[in-house]
A.B. asks: 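Before I ask anything, let me first share the structure, which is written out below as structure tokens.
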Protein chains: 2
Amino acid sequence: MSAAESPAAAPQTPWLTDDQQRIWRSWLSASSRVPARLGHQLQQDSGLSLQDYEVLVTLNEAPGGSCRITELATMLEWERSRMSHHLNRMDKRGLIRRYACPDDGRAQLVELTDNGHVALEKAAPGHVNAVRSVLFDALSDRDAAELGRITALIAAHLDNQSCTLSGKG
Amino acid sequence: MSAAESPAAAPQTPWLTDDQQRIWRSWLSASSRVPARLGHQLQQDSGLSLQDYEVLVTLNEAPGGSCRITELATMLEWERSRMSHHLNRMDKRGLIRRYACPDDGRAQLVELTDNGHVALEKAAPGHVNAVRSVLFDALSDRDAAELGRITALIAAHLDNQSCTLSGKG
DNA sequence: CAGACTTGAGTGACATGTCACCTGTTTACT
DNA sequence: AGTAAACAGGTGACATGTCACTCAAGTCTG
């Protein structure tokens, strides 16, 4: 539901083909609805947002149970200021804790609090079920594998072109 | 980067397999980065957000150039209050206009202003190029078709299970 | 070492999205 | 008609995300 892919064709602009439009809209629909559904489930069942959950998981999996804020932001593909704001909120709720990095006076390390661990462990089973229910139950193993392969291609392509994008492709 | 798909397996909870985790994370990464990239391009080049653009396109394609607010929200898969807030903002910027529906005293119709049409026509070529550059340039025709087929399956699956989701899948 | 530059983190203002709730209209049922 | 339910839309409070900016600590270079 996003791209004006053909409002009275302009001179040099090749619009998307009908097929491409269909693909693009399916993608948009699925990629906005899946996280919406999962977010609702998580919020209902655990009082966590999908974002909270991502932070909890990433910290939980970090070697030593902690990592730098910038590192966390990189892993989550978030902007640093978003990370900072979100950690403030999670800090207030007692889910995470920050402390100075001994090796680098500029850096802060983040780790889960006990509350954070508990929240994650309570939320995880329901969330995993929801992921399966929303995504994997819809697909054969072969289709799921295809989806993984194709989304990996897209991600790799984004890495390559980095930020070289504006107007003309 | 989202799901804690195996923190010390709990009794009855089947976690995701390693393959499923990889698929899931590729999907998450691609589906969050694609709109981020497109949003930046659009904002830089046209001063429109991706959301503005979606509204403009949908209205532009609507038969008669106008439609009801709820109808618009349904097409965009947005909540109605989100629609309402966003239309307020776009109204203030002179992109859209609302007026009473003659057939139904409850309803409002929305349409593009001249400014809105101009903004869309200026933004469209760059956005289309960006979509192609970000998504279709990464994929063979066959892969793109596969992506369309699979995302359509996911969307259809979401339609079916509607909101029957909470905890156990 | 001084000064310029880079890096890690945070902040305030503002844009956007969600939730619970309100108002006015239409529809359905009796 | 009379009333309950459903519906269209809107609002305020609050959660979240972005942008431009600041500050402090490390790094590099003459």
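We name chains A, B, ... by the order of the sequence lines, and we start the count at 1 in each one.
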A.B. asks: Checking B/Ala155 now: which residues fulfil side chain to side chain contact (heavy atoms under 4.5 Å, CB included) with it, not counting sequence neighbours?
C.D. replies: A/Ser29, A/Arg33
A.B. asks: How would you give the extent of chain B contacts on DNA chain D, as first and last nucleotide 5' to 3' within a 4.0 Å heavy-atom cut-off?
C.D. replies: D/dC7 to D/dC19
A.B. asks: Rounded to whole Å, how long is the line connecting atom CD of A/Glu79 with atom P of C/dT7?
C.D. replies: 17 Å
A.B. asks: Quickly work out the A/Ile69 CD1 to C/dG10 C1' distance and round it to whole Å.
C.D. replies: 9 Å
A.B. asks: Do the side chain of B/His157 and the main chain of A/Ser133 share a donor and acceptor less than 3.5 angstrom apart?
C.D. replies: yes
A.B. asks: For A/His40 and for A/Arg98, locate the closest nucleotide of DNA chain C by heavy-atom distance; then report the residue assigned to the nucleotide nearer the 5' terminus.
C.D. replies: A/Arg98
A.B. asks: Between C1' on C/dT26 and CZ on B/Arg68, what's the gap in Å once rounded to a whole number?
C.D. replies: 11 Å
A.B. asks: So which residues get pulled into A/Val118's cluster when ILVMFWY side chains under 4.5 Å apart are joined, directly or through others?
C.D. replies: none
A.B. asks: Between A/Val55 and A/Trp78, is the side-chain contact (heavy atoms from CB on, under 4.5 Å) condition met? List the steps.
C.D. replies: CA-CA 11 Å; A/Val55 170; A/Trp78 288 11; 3.8 Å; yes
A.B. asks: Return the 5'-most residue of the pair B/Ser49, A/Gln43 with respect to DNA chain C, ranking by each residue's nearest nucleotide.
C.D. replies: B/Ser49
A.B. asks: Just to verify, what does A/Ser49 make a side chain to side chain contact (heavy atoms under 4.5 Å, CB included) with, not counting sequence neighbours?
C.D. replies: A/Gln43, A/Gln51, A/Asp52, A/His86
A.B. asks: Can you pull out the residues from residues 81-95 of chain B that lie within a 4.0 Å heavy-atom distance of DNA chain C?
C.D. replies: B/Ser81, B/Arg82, B/His85, B/His86, B/Arg89
A.B. asks: Below 3.5 Å, does any donor atom in the side chain of A/Arg106 face an acceptor in the base of C/dA9, or the other way round?
C.D. replies: no
A.B. asks: For residues 81-91 of chain A, which residue pairs qualify under salt bridge (Lys or Arg N to Asp or Glu O under 4.0 Å), counting only residues two or more places apart or in two chains?
C.D. replies: A/Asp91-A/Arg98
A.B. asks: Here's a test of your reading of the structure: between B/Glu71 and A/Trp78, which maps to the more 5' nucleotide of DNA chain D?
C.D. replies: B/Glu71
A.B. asks: Over how many whole Å does the gap from A/Arg80 atom CZ to C/dT11 atom C1' extend?
C.D. replies: 13 Å
A.B. asks: Output all residues satisfying salt bridge (Lys or Arg N to Asp or Glu O under 4.0 Å) with A/Asp19, sequence neighbours left out; order by chain, then residue number.
C.D. replies: A/Arg22
A.B. asks: Connecting only ILVMFWY residues whose side-chain heavy atoms lie within less than 4.5 Å of each other, what is the rest of A/Tyr99's hydrophobic cluster?
C.D. replies: A/Leu109
A.B. asks: List the residues meeting side chain to side chain contact (heavy atoms under 4.5 Å, CB included) with B/Thr70, not counting sequence neighbours, and say none if there are none.
C.D. replies: B/Thr74, B/Arg80
